[in-house]
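Here is the structure we will look at.
Keep in mind it's a predicted model, so treat the numbers as computed, not measured.
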Amino acid sequence: MALSYGSMADSEATSTATRPRAFSGIQPTGTVHLGNYLGALRNWSRLQETTDGVYCLVDLHALSVPREPGEIQRATLEAAKDLISIGIDPQRSTLFVQSHVREHTELAWQMQCVAGFGELRRMTQFKDKSESSQFVSAALFTYPTLQAADILLYDTDIVPVGDDQRQHVEFTRDIATRFNSRFGDVLVIPEHRIPQAGARIMDLQHPENKMSKSAESPMGSVLLTDTEAQIEKKFKRAVTDTDSEVRYDPENKPGVSNLLAILAVATDGDPTTLAENYTQYGPLKTDAAAAVIELLRPIQNKRSELDDQTTVDLLNLGADKARDVAVPVMERVRDAVKLL
Ligand code: AQP
């Protein structure tokens, strides 16, 4: 299959050293959902216009909870297709798999050596995930140090993420600053870029929780691969509340506010203003579903054109480009730490 992603020369021409660098990652742990897209991935795609984008499928992070052998392999390929179809251009940006660049785990160790046990224990994602798991791996606990390494290995300026990752990016800044104060001016201190709208899309069945790949009910998450009928059904069954007033009030009316937020982000509107158009939940659900179907249609069309081999080739290209940046940064760190 012949898909055109431009030439290498094109990519070099657009990726100039003067652009700020954006880095972010996603776990290949299931089909990308609407929360991932509106909270992070749409921003990744847009930032390609103004930044040098480095986007990573963080397969090693996915191993921090028990998985069947082979599960992550397939999911990584599918997640790569998701990212390409939402608009990440593997020629213009760097799209790669974390485990293909060994420097991530080496830098993660250096980060563990400057991170405090107490600060890791305060991470809300660890608290949430460890409470709901039977087996809590050491990797789940040190997860933010590997995430810090992912970011810092690319001299990253901007980290486009959803609101749930705010604390991890703050932690990255803290430990990078600590590392620099011990070893010299080695690491670039990054900033998060969290969208004003869509930063926390909630589960349609449990609107008090964020939409998540590991959600209990499949009806709570809208997947990028869902059919029109599935999307309509999920919105129709979305949990609202007992009274029937349509108002944007995330604290007191989380379900309705989530529907308004989704409709607003999908149509570039404002949730409070949109609420004035509705007196009942039914039409709001119908309109939110229709807007999401329109939003996802071009992504789904593009995804159907991608095959496995093309995707693997593009990821290999990405790994080469990622190593070009990561290897010298890791050398800088080794030199600063001064081992024999
Ligand atoms: N609900 C959300 N709203 C807005 N942004 C979100 N993100 C995740 N959920 C929402 C952003 O998506 C990027 C990738 O995050 P991830 O790989 O951690 O995906 P996940 O869906 O959040 O997965 P879980 O639930 O944490 O873990 P698993 O895979 O175990 O189910 C990030 O930028 C995140 O902010």
Side-chain angles (χ1 to χ4, degrees), residues 26 30-46 78-79 81-83 85-87 162-164 195-305:
I26 183 162
T31 309
V32 167
H33 55 72
L34 191 64
N36 298 134
Y37 179 57
L38 296 178
L41 309 183
R42 189 159 77 152
N43 231 356
W44 300 5
S45 173
R46 289 175 173 174
E78 295 305 319
K81 290 181 189 173
D82 287 337
L83 295 191
S85 45
I86 60 122
D163 187 59
D164 60 320
Q196 289 200 318
R200 191 175 279 265
I201 300 296
M202 309 309 276
D203 187 286
L204 295 181
Q205 288 299 310
H206 298 279
E208 64 287 358
N209 299 333
K210 71 166 191 137
M211 194 177 280
S212 160
K213 296 197 216 85
S214 53
E216 250 172 60
S217 160
M219 293 300 284
S221 302
V222 176
L223 306 181
L224 246 57
T225 49
D226 277 348
T227 61
E228 285 188 24
Q230 285 170 321
I231 295 172
E232 278 162 2
K233 191 168 167 190
K234 287 180 181 182
F235 276 96
K236 207 170 181 180
R237 299 229 183 128
V239 167
T240 45
D241 24 36
T242 42
D243 75 51
S244 59
E245 192 193 354
V246 179
R247 188 175 83 236
Y248 185 66
D249 178 356
E251 204 168 308
N252 299 306
K253 296 176 75 75
V256 179
S257 300
N258 191 36
L259 295 176
L260 285 164
I262 292 172
L263 179 62
V265 199
T267 57
D268 282 327
D270 169 69
T272 308
T273 317
L274 280 169
E276 291 165 12
N277 301 335
Y278 299 95
T279 50
Q280 289 175 314
Y281 295 151
L284 170 62
K285 289 179 171 182
T286 307
D287 287 358
V292 169
I293 289 168
E294 279 315 304
L295 188 74
L296 299 187
R297 195 190 309 278
I299 299 174
Q300 294 183 339
N301 289 343
K302 185 159 180 192
R303 201 181 190 290
S304 64
E305 294 170 8

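- The distance from atom CG of L34 to atom CG of L41, rounded to the nearest 0.5 Å, is 10.5 Å.
- Considering OG1 of T225 and NE2 of H33, their distance stands at 12.0 Å, rounded to 0.5 Å.
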Check the pair V222 / I201 against side-chain contact (heavy atoms from CB on, under 4.5 Å), numbers first and verdict last. CA-CA 10 Å; V222 176; I201 300 296; over 6 Å; no
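- Rounded to the nearest 0.5 Å, atoms OG1 (T273) and OH (Y248) are 11.5 Å apart.
- Enclosure of atom CZ in R237 is not indicated, since only 12 or fewer non-hydrogen atoms of other residues, nucleotides or ligands lie within 6.0 angstrom.
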Take K213 and I26 through the side-chain contact (heavy atoms from CB on, under 4.5 Å) test and state the conclusion after the steps. CA-CA 11 Å; K213 296 197 216 85; I26 183 162; 4.1 Å; yes
I would like to know whether E232 and I293 meet side-chain contact (heavy atoms from CB on, under 4.5 Å); could you show each step before the answer? CA-CA 8 Å; E232 278 162 2; I293 289 168; 3.8 Å; yes
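- By the salt bridge (Lys or Arg N to Asp or Glu O under 4.0 Å) test, D268 is found to be paired with no residue, residues two or more places apart in sequence or in another chain being considered.
- With hydrogens and angles disregarded, no donor-acceptor distance shorter than 3.5 Å links the side chain of N43 to the backbone of A40.
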Quick one: do L204 and M211 satisfy side-chain contact (heavy atoms from CB on, under 4.5 Å)? Show the steps, please. CA-CA 7 Å; L204 295 181; M211 194 177 280; 4.2 Å; yes
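- Judged by distance alone, with hydrogens and angles left aside, the side-chain atoms of S85 form a donor-acceptor pair with the main-chain N or O of D82 at under 3.5 Å.
- Here N36 contributes atom CG and S221 contributes atom OG; the two are 9.0 Å apart, rounded to the nearest 0.5 Å.
- Counting heavy atoms from C-beta outward, V246 and L260 have side chains that approach closer than 4.5 Å.
- Residue R42 holds its CZ atom at 4.0 Å from CZ of R46, rounded to the nearest 0.5 Å.
- A donor-acceptor pair under 3.5 Å is absent between the side-chain atoms of T240 and the main chain of G255, judged by distance alone.
- Listed for the R303 side chain is a donor-acceptor partner under 3.5 Å among the backbone atoms of E78.
- When all heavy atoms of K285 and K236 are compared, the pair lying nearest together is NZ-O, 3.0 Å.
- A salt bridge (Lys or Arg N to Asp or Glu O under 4.0 Å) with K210 is found for one member of D163, D164, D203 and no other, namely D164.
- Checking side-chain atoms of Q300 against main-chain N and O of L224 turns up a donor-acceptor pair under 3.5 Å.
- The minimum heavy-atom distance linking A238 with L259 is given by the pair CB-CD2, 4.1 Å.
- A distance of 8.5 Å separates CG of D226 from OG1 of T31, quoted to the nearest 0.5 Å.
- For K302 and E305, the salt-bridge test fails: no basic side-chain N is under 4.0 Å from an acidic carboxylate O.
- Under the side chain to side chain contact (heavy atoms under 4.5 Å, CB included) test applied with L295, the options T267, I262, L38 reduce to a single match, L38.
- Checked against V292 for a side chain to side chain contact (heavy atoms under 4.5 Å, CB included), the options L263, D287, I231 give a single hit: I231.
- Pairs of residues two or more places apart, or lying in two chains, that qualify as side-chain hydrogen bond (donor to acceptor under 3.5 Å, both in side chains) and include a residue from residues 251-265 are D241-K253, D243-K253, D249-N252, K253-Y281.
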